[in-house]
Amino acid sequence: MLVAGIGNIFLGDDGFGPEVIHRVPPRLAAPGIRLCDYGIRGLHLAYDLLDGWDRLVLVDALPCRDRPGTLHVFEADGDTLAATPGLDAHAMDPAAVFATLGALGGTMPSTIVVGCEVGRVAEGIGLSDAVAAAIPAAVRAVTAAVGTAGAGVRTPAREA
C-alpha cells in the first residue's frame, strides 16, 4: 500500500496532503506500506505506481464546493480519472497522474482519497484555520484506511 500526500505547500491550503503525511504516525509504515510526501512531483508518483501497489491512499486538497475544512473520504473512480489525456511532468492533479500512469503502461490501483475542501489557494505558506483543523480527522482517516487493508497488502517487487 502506498500512502501519498500531494499538494503545493507554497499555495496555502493546497499543502494539505503533505501536512497530513508529516503527521501520520511513522509506525504506520510497516512492511508493505510506504508513506510519502510527493508534494508536486506527479511524474514521480506515476512512476512509483508502476511498482504494482495493490492500494493507494491519496491525501489531497479538494476544490471548495462546501465549507472549507470539510473532509471527504471516498473510493476514486479509476475510469474517470485515468481518462484524462496528456503527459505533464509537472502536473500534480490526480487525473494527470493517473493518465501518465496509463500512458506508461500501468494501471491505477484501488484508490482511497482523503480530501479536504480548501479555503484559500494563493501564494503563501500555511494552511487556513479551517483546513488545519481538519488534519487530526484526516490522520485518523488515513490510519483507518491503512488498517482496513493493511493485512492483505503485498510488497511491491522492488521492495521484496
Please check: side-chain N/O of Trp53 versus main-chain N/O of Asp48, any donor-acceptor pairing under 3.5 Å?
yes
Could you state whether Tyr38 and Ile9 fall into the same hydrophobic cluster, counting links through intermediate Ile, Leu, Val, Met, Phe, Trp or Tyr residues with side-chain heavy atoms under 4.5 angstrom apart?
no
With sequence neighbours excluded, what pairs up with Arg23 under the salt bridge (Lys or Arg N to Asp or Glu O under 4.0 Å) test?
Glu19
Once side chain to side chain donor-acceptor pair (under 3.5 Å) is applied, what residue pairs with a partner in residues 125-136 remain, sequence neighbours excluded?
Asp13-Ser128
Using the rule given for side-chain contact (heavy atoms from CB on, under 4.5 Å), can you reason through Met1 versus Val146, listing the C-alpha separation, both sets of side-chain angles and the distance that settles it, and then say yes or no?
CA-CA 8 Å; Met1 177 183 309; Val146 169; 3.5 Å; yes
Could you tell me whether the side chain of Leu43 reaches within less than 4.5 Å of the side chain of Thr100, counting heavy atoms only?
yes
Can you get from Leu104 to Ile6 by hopping between Ile, Leu, Val, Met, Phe, Trp and Tyr side chains that sit under 4.5 Å apart?
yes
Can you check whether Asp37's main-chain N or O pairs, donor with acceptor, with Arg41's side chain at less than 3.5 Å?
yes
Residues which pass side chain to side chain donor-acceptor pair (under 3.5 Å) with Glu75, listed by chain and number, not counting sequence neighbours:
Ser110
Partners passing side chain to side chain donor-acceptor pair (under 3.5 Å) against Asp14 (at least two apart in sequence or in another chain):
none
Is there a continuous path of hydrophobic side-chain contacts, each under 4.5 Å between heavy atoms, that joins Ile135 to Ile112?
yes
What pairs meet the salt bridge (charged side-chain N to carboxylate O under 4.0 Å, His left out) rule with one or both residues in residues 134-147, with sequence neighbours excluded?
none
Taking side chain to side chain contact (heavy atoms under 4.5 Å, CB included) as the definition, give me every residue that meets it alongside Pro26, ordered by chain and number, with sequence neighbours left out.
none
Hey, does Val114 have a side-chain heavy atom less than 4.5 Å from the side chain of Leu71?
yes
Does Thr143 reach the main-chain N or O of Ala141 with its side chain, forming a donor-acceptor pair under 3.5 Å?
no
Does anything in residues 61-74 pair up under salt bridge (charged side-chain N to carboxylate O under 4.0 Å, His left out), and if so which pairs, sequence neighbours excluded?
none
